[in-house]
Amino acid sequence: MPLPKRTMAEPYKIKVVEPLRMTTRDYREEKIREAGYNTFLLRSEDVYIDLLTDSGTSAMSDNQWAGMMLGDEAYAGSRNFYNLERAVREIYGFRYVVPTHQGRAAEHITSQLRIRPGQYVPMNMYFTTTREHVERAGGIFYDCIIDEAHDPANPHPFKGNVDLAKLDRLLAQVGREGIAYLSIAPCVNMAGGQPFSMANLREVAGWATRHRIPIIFDATRAVENAYFIQQREPGYKDKPVREILREMMSYGEGCTMSSKKDNLVNIGGFIATDNEEFFTRAKEMVVVFEGLHTYGGLAGRDMEAIARGIYEMVDDAYIASRVRQVEYLGDRLLEAGIPIVVPIGGHAVFVDARRFLPHIPQEEFPAQALAAALYVDSGVRAMERGIVSAGRDPKTGDHRRPKLELVRLTIPRRVYTNLHMDVVAESCIALYEERDKIRGLRMVYEPKELRFFQARFEPIVP
Ligand SMILES: *Cc1c(COP(=O)(O)O)cnc(C)c1O
């Protein structure tokens, strides 16, 4: 992927600043103990650089903030809803839009409407909330991602690709009626932010059409995926990201969306589709769980910010700068010999805790322990993406043991500078040099659902 020789600076300047708070190591040791060694339970004011998530943490533009003042807070038919609808139609290409308060609400409604109990939902790997809603609707998750995605050291440029042989195998087993839809995610989060290629998507769409099984995207990070297609896939070098995104979405019947990612806002989501019947039923259901179908749990001003964010996200200079900042951090870690998932993903750098801490067995939560140690070292907040996030198998009740045991350093959009990335890299390097001192954890409180959010731990003292 050739980068221009000259430095490419951020395509924006800073108009408002938010001071950061620095703390001492002693203070952070106390805070992480109080938080049960779970970075989700820290107070944000005790964090220096917050790389917990890129979800809802974006900096909005002056244009989006100006839009917030134009909120039409009518209960029904707000002007901002129509602006959102127009943005989705123009940029994603889907005709019908149902707003929701965030992505998981869109997943809830979609799963309830589109899955009959016992049906399978093939996904390219899984996402926590997506799979949870599939299972709550009686569906069965089926992983159809290529094997390379499960290997953090494999440099395949499109590790988000679907393995068609896996789809064929499932189809042979359960037949067309046994599959509700294909849930395809761009820049697969749990694989390390890895994109699929357009060629693969085209093949998947061909398969889906042949067997009359719809594709419903989890479109959360579709723009970042479009950027990787532009950079890596033959034939797309000179195409604007906006066109690539439109082509990607054209292969699906619709999508669920968490606007808190690509759309550059702090809250929001939607369902978008070309299927009129699905739209009609989603409108009926959104009223029960979210609000009227022209606001779906959002204020008018929030819909306006999403609408404007949708146009901003497809600016080629913006998306290049966003993904390159992630690469900048990843490259610094690679240079220092720190094991990370390669290729570097679109929204985060994933540190491979298995290789970083080979002396800690997976039952002692190495990624959880590493995220806690990083916070103590520098006040940088990351999160676990490994055995804790994977949860338990609903049938056997045992831990799911994912091959990937990762710490995610997630970069918010337009928030930090590359000097912040340097601070993060230096902290990771310091920990790597003293990695033998990091010890495993024992889980002392385990929530039943999505346990990683609220689980508590204690260090194992030898
Ligand atoms: C964040 C996310 C969701 C859920 O969206 P929320 O807005 O957090 O409810 C679904 N899928 C993926 C891939 C995500 O990253």
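All residue numbers refer to positions in the sequence shown, counting from 1. In listed order, ligands and their atoms are each counted from 1. Values below: every heavy atom of this structure, side chains too, minus hydrogens, waters and symmetry copies.
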Would you mind reporting whether Asp262 and Arg413 have side-chain heavy atoms less than 4.5 Å apart?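 Side chain of Arg413 against side chain of Asp262, heavy atoms only: contact under 4.5 Å found.
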Heavy-atom donor-acceptor pair, Gln362 side chain to Pro402 backbone, under 3.5 Å: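 Side chain of Gln362 to backbone of Pro402, a donor-acceptor pair under 3.5 Å: yes, one is there.
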For Arg21, is the CZ atom crowded, meaning more than 12 foreign heavy atoms sit under 6.0 Å from it?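 Atom CZ in Arg21 is crowded, with more than 12 foreign heavy atoms closer than 6.0 Å.
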Please identify which of these residues, Glu327, Glu224, Glu10, meets the salt bridge (charged side-chain N to carboxylate O under 4.0 Å, His left out) condition with Arg322.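 Filter result, single survivor: Glu224.
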Between Glu243 and Arg246, does any side-chain N to carboxylate O distance fall below 4.0 Å?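 Result for this pair is no, no salt bridge flagged.
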Using a strict cut-off of 4.0 Å, indicate which atoms of ligand 1 neighbour a heavy atom of [X].
X	result
Arg104	4 (C), 5 (O), 6 (P), 8 (O), 9 (O)
Gly103	5 (O), 6 (P), 7 (O), 9 (O)
Asn189	15 (O)

Taking the six-membered ring for Trp, is the centroid-to-centroid distance between Phe81 and Tyr295 below 6.0 Å?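 Between Tyr295 and Phe81, which both carry aromatic rings, the centre distance is not below 6.0 Å.
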Taking atom CZ of Arg89 and atom CD1 of Ile91, what is their separation to the nearest 0.5 Å?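 One gets 13.5 Å once the value is rounded to the nearest 0.5 Å.
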Any cation-pi pair here, Arg385 with Phe452, using under 6.0 Å and within 45°?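 Yes, cation above the ring, under 6.0 Å and within 45°.
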Nearest protein heavy atom with distance in Å, relative to [atom]:
atom	answer
atom 1 (C) of ligand 1	Lys261 NZ, 1.5 Å
atom 13 (C) of ligand 1	Asp218 OD2, 3.2 Å
atom 10 (C) of ligand 1	Glu107 OE2, 2.9 Å
atom 7 (O) of ligand 1	Ser258 OG, 2.6 Å

Give yes if a backbone or side-chain nitrogen or oxygen of [X] is under 3.5 Å from a nitrogen or oxygen of ligand 1, and no if not.
X	value
Lys260	no
Thr129	no
Phe127	no

Which one holds for Thr130 and ligand 1: side chain close, backbone close, both close, or neither close, with close meaning a heavy atom under 4.0 Å?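 Near ligand 1, Thr130 shows its side chain, while the N, CA, C and O stay back.
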